[in-house]
Amino acid sequence: MTLKLYNTLTRRLDAFEPLAPPRVTVYMCGPTVYNYAHIGNFRTFVFGDLLRRYLEYSGFDVLFIMNLTDVDDRTIKAAAERGVSLTDHTEPFVRAFFEDRDYLRIRPADVYPRATDYVAPMVDLVERLLERGVAYVGDDGSVYYAVERFPTYGQLSQLDRRELRPGARVATDEYSKEDVRDFALWKAAADQDEQVGAAWDAPFGRGRPGWHLECSAMALTEIRQRFGVETLDIHAGGVDLVFPHHENEIAQSEGATGRPFARFWLHGEFLFIRGTKMSKRFGNTLTARDLKEEGLDPAAVRMLLFSTHYRQPLNFTDDALDAAVEGVRRIGDFRARLEHAAEESAGGSSGRADDPPVVRTFLAEFREAMDDDLSAPRAIGALFSFIRAANRELDDGGWGPAEARAGLTALDGVMAVLDLVPGPAPVAEEVKRWVEGLIADRARARADRDFARADAIRDELLAQGVELEDTPDGTRWRRRG
Ligand code: AMP
Ligand code: ZN
């Protein structure tokens, strides 16, 4: 059994073999930190998390790199509109991104290169491309990539078969380019760039990096420094990045190194909200923090995201969310039952050599599903079959503590990949604020010796299922039941 991954480069499932096993280098295009990342962005990042965790489960030694795009058109525009510097604008969104990542239980990448920290390698890369004659300085002082001089351009997106719509994107810099397909590596500094502190000196003129250049330079720098290689095992991102972003990353990197940039290209499909594309205009952008505010368990969000294969569009609906909440509740209950059964007469029977058949079937099915292009929906199917079968064994007395322990170990091993066990019952922020407000009112009433009012508040909370406990450190509360 080997892991097969759908490679956009070959348009088929390829058996995954890294360049230098057991090491696997993965680069995933990260967030543009001009705003809060939305749940669509996080669908892609949770897919990256799944990939990374399953590679580790399979015994690989993963270096996971995710960049932070902290200088590009959007970040500059947003900073300029607020009249603040680029860093002042992006820094809070970097922090928010990390908070949201932790909420969604996405394991931190090994390194988060920020574009603004890698301007020197970006400048080097442009120089190398100029030396090799695949780049030129335009009349406007920007540096462009000469697509015509990179014969395999379009391979990833199969652009040769795609219509290059003339005039589809009439850029202001149109006349400085030799060919409409050429793209900017380095953009000559504009007033707005200077205003927000997004301009750097370079031998070919003051300016700022283009977005595509950033990823090439950061990815190459990270793997070259660590391993002395210039080829990634896996490059991943959302499907919208295939063209032009990833096509251009390939042209830049391979144009400079002469080596394949990435061996596997993986692309996650989009998330839609109730059937429509998320957009500010429709007022349907949903962020991770919106879900957190609602008190939603991150396990349920992951469950919802994993219920659709990463290469299928996913429709985020309330019904799907309800089903995910119910699904993780079952997983949590099952885990608690196993834990309880495993503890009975602990230390008693031991020395079992083999896992019970139900456990072996589960682990085999899980692996088979995940080896098939990370089929999380099938893996979840196997998980629920396991839950049903193991519950039957526990009901019938077929399983003792040793079997329960084996079941628990298997479950926790799989959860190290999927991470779907719910945490303690979450409380919506709104509820928390309401309860804490009333506790403060009650403390004031008691300080005023208005005990009737204090008791009324306690009763009101109790009627809503909230119990209070007065301790020397203040009043604590918890939900009943
Ligand atoms: P950005 O912050 O816009 O640079 O995007 C970060 C990542 O999110 C990229 O890999 C995009 O492809 C991905 N992405 C953007 N919108 C969606 C969406 N609606 N569903 C899934 N992934 C998305
Ligand atoms: Zn990128």
Side-chain angles (χ1 to χ4, degrees), residues 8 26-51 64-78 89-90 93-94 96-98 100-101 104 106 109 112-115 118 122 125 156-157 183 185 209-223 232 234-253 261-262 265-282 284-288 301 304-306 308-317:
T8 307
V26 184
Y27 182 93
M28 180 172 236
C29 294
T32 306
V33 285
Y34 75 114
N35 205 337
Y36 297 114
H38 56 60
I39 192 67
N41 301 133
F42 277 109
R43 180 191 187 194
T44 296
F45 302 142
V46 168
F47 150 57
D49 187 52
L50 181 73
L51 167 69
F64 195 90
I65 309 164
M66 179 176 283
N67 71 293
L68 301 172
T69 305
D70 65 353
V71 52
D72 80 321
D73 295 349
R74 287 186 286 177
T75 43
I76 291 170
K77 182 161 173 271
H89 182 73
T90 57
F93 293 115
V94 172
F97 172 69
F98 290 149
D100 294 348
R101 172 201 66 191
L104 290 172
I106 295 172
Y112 286 100
R114 297 183 193 209
Y118 286 69
M122 292 170 198
L125 187 55
L156 181 73
S157 53
F183 58 91
L185 296 166
W211 171 44
H212 316 305
L213 181 79
E214 295 177 3
C215 279
S216 287
M218 288 187 273
L220 287 174
T221 304
E222 291 301 329
I223 55 172
L232 289 161
I234 301 176
H235 195 312
V239 70
D240 58 320
L241 302 187
V242 176
F243 183 84
H245 186 54
H246 289 162
E247 197 70 72
N248 292 351
E249 280 192 41
I250 292 175
Q252 295 162 158
S253 309
F261 180 41
W265 286 86
L266 268 51
H267 293 100
E269 255 293 345
F270 259 40
L271 176 147
F272 299 90
I273 301 233
R274 295 175 196 100
T276 42
K277 197 178 149 106
M278 237 180 298
S279 84
K280 287 232 177 65
R281 202 152 43 91
F282 299 146
N284 66 345
T285 46
L286 189 60
T287 63
V301 184
L304 173 77
L305 298 179
F306 291 154
T308 299
H309 188 264
Y310 80 87
R311 281 196 299 116
Q312 295 293 326
L314 183 152
N315 197 14
F316 196 102
T317 63

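Atoms within a ligand are numbered from 1 in the order they appear, just like the ligands themselves.
Those atoms of ligand 1 with a heavy atom of G40 less than 4.0 angstrom away are 17 (C), 18 (C), 19 (N), 20 (N), 21 (C), 22 (N), 23 (C). When each atom of ligand 1 is checked for a heavy atom of E269 under 4.0 Å away, the hits are 21 (C). Residue T32 approaches ligand 1 through these ligand atoms, each under 4.0 Å from one of its heavy atoms: 1 (P), 2 (O), 4 (O). Distances below 4.0 Å separate heavy atoms of P31 from the following atoms of ligand 1: 2 (O).
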query: Going through the distances and angles, do M278 and L271 end up as a side-chain contact (heavy atoms from CB on, under 4.5 Å)?
result: CA-CA 8 Å; M278 237 180 298; L271 176 147; 3.5 Å; yes
- request: Walk me through it: do F243 and L156 pass the test side-chain contact (heavy atoms from CB on, under 4.5 Å)?
  value: CA-CA 8 Å; F243 183 84; L156 181 73; over 6 Å; no
- request: Go through the steps for F272 and F316 under the test side-chain contact (heavy atoms from CB on, under 4.5 Å), then give the verdict.
  value: CA-CA 6 Å; F272 299 90; F316 196 102; over 6 Å; no
message: Set out, in order, the CA-CA distance, both residues' side-chain angles and the distance that settles side-chain contact (heavy atoms from CB on, under 4.5 Å) for C29 and H246, then state yes or no.
response: CA-CA 9 Å; C29 294; H246 289 162; 3.2 Å; yes
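Residue C215 counts as close to the Zn ion (ligand 2), with an N, O or S atom under 2.8 Å. At least one N, O or S atom of H245 sits under 2.8 Å from the Zn ion (ligand 2). Taking backbone and side chain together, E249 holds an N, O or S atom under 2.8 Å from the Zn ion (ligand 2).
A donor-acceptor distance shorter than 3.5 angstrom exists from the side chain of R43 to the backbone of F270, with no hydrogens or angles considered.
Annotation for S216 and F261: closest pair CA-CZ, 4.3 Å, computed over non-hydrogen atoms. In terms of heavy atoms, L232 sits closest to Y27 at CD1-CB, 3.7 Å. Between T69 and G30, the shortest heavy-atom distance links the atoms OG1-O, 4.4 Å.
Polar contact with ligand 1: present for G238 (N/O pair, distance under 3.5 Å). For L271, a nitrogen or oxygen atom sits less than 3.5 Å from a nitrogen or oxygen atom of ligand 1, counting backbone and side chain alike. Not one N or O of M278 is nearer than 3.5 Å to an N or O of ligand 1, by distance alone.
Aromatic ring pairs are classed by plane angle as parallel below 30°, tilted from 30° to 60° and perpendicular above 60°; the pair W265 and H267 is parallel. Relative orientation of the F97 and F42 rings is parallel, given thresholds of 30° and 60° on the angle between their planes.
Given atom 17 (C) of ligand 1, the protein heavy atom at minimum distance is F270 CZ, 3.4 Å. Of the protein's non-hydrogen atoms, the one nearest atom 9 (C) of ligand 1 is L241 CD1, 3.8 Å.
For H38, the closest heavy-atom approach to ligand 1 falls below 4.0 Å. F45 counts as a contact of ligand 1, since one of its heavy atoms falls under 4.0 Å from the ligand. At a 4.0 Å cut-off, not a single heavy atom of M28 sits close enough to ligand 1 to count as contact. Using a non-hydrogen distance threshold of 4.0 Å, G30 registers as a contact of ligand 1.
Contacts between N41 and ligand 1, counted as non-hydrogen atom pairs separated by less than 4.0 Å, involve both the backbone and the side chain.
Between the side chains of H235 and E249, at least one donor N or O sits under 3.5 Å from an acceptor N or O.
Environment of OH in Y112: crowded, with over 12 heavy atoms of neighbouring residues, nucleotides or ligands closer than 6.0 Å.
Here the shortest heavy-atom distance to atom 3 (O) of ligand 1, taken over H267, H246, R74, belongs to R74. By heavy-atom distance, the residue among D240, T44, I39, N67 lying nearest atom 11 (C) of ligand 1 is D240.
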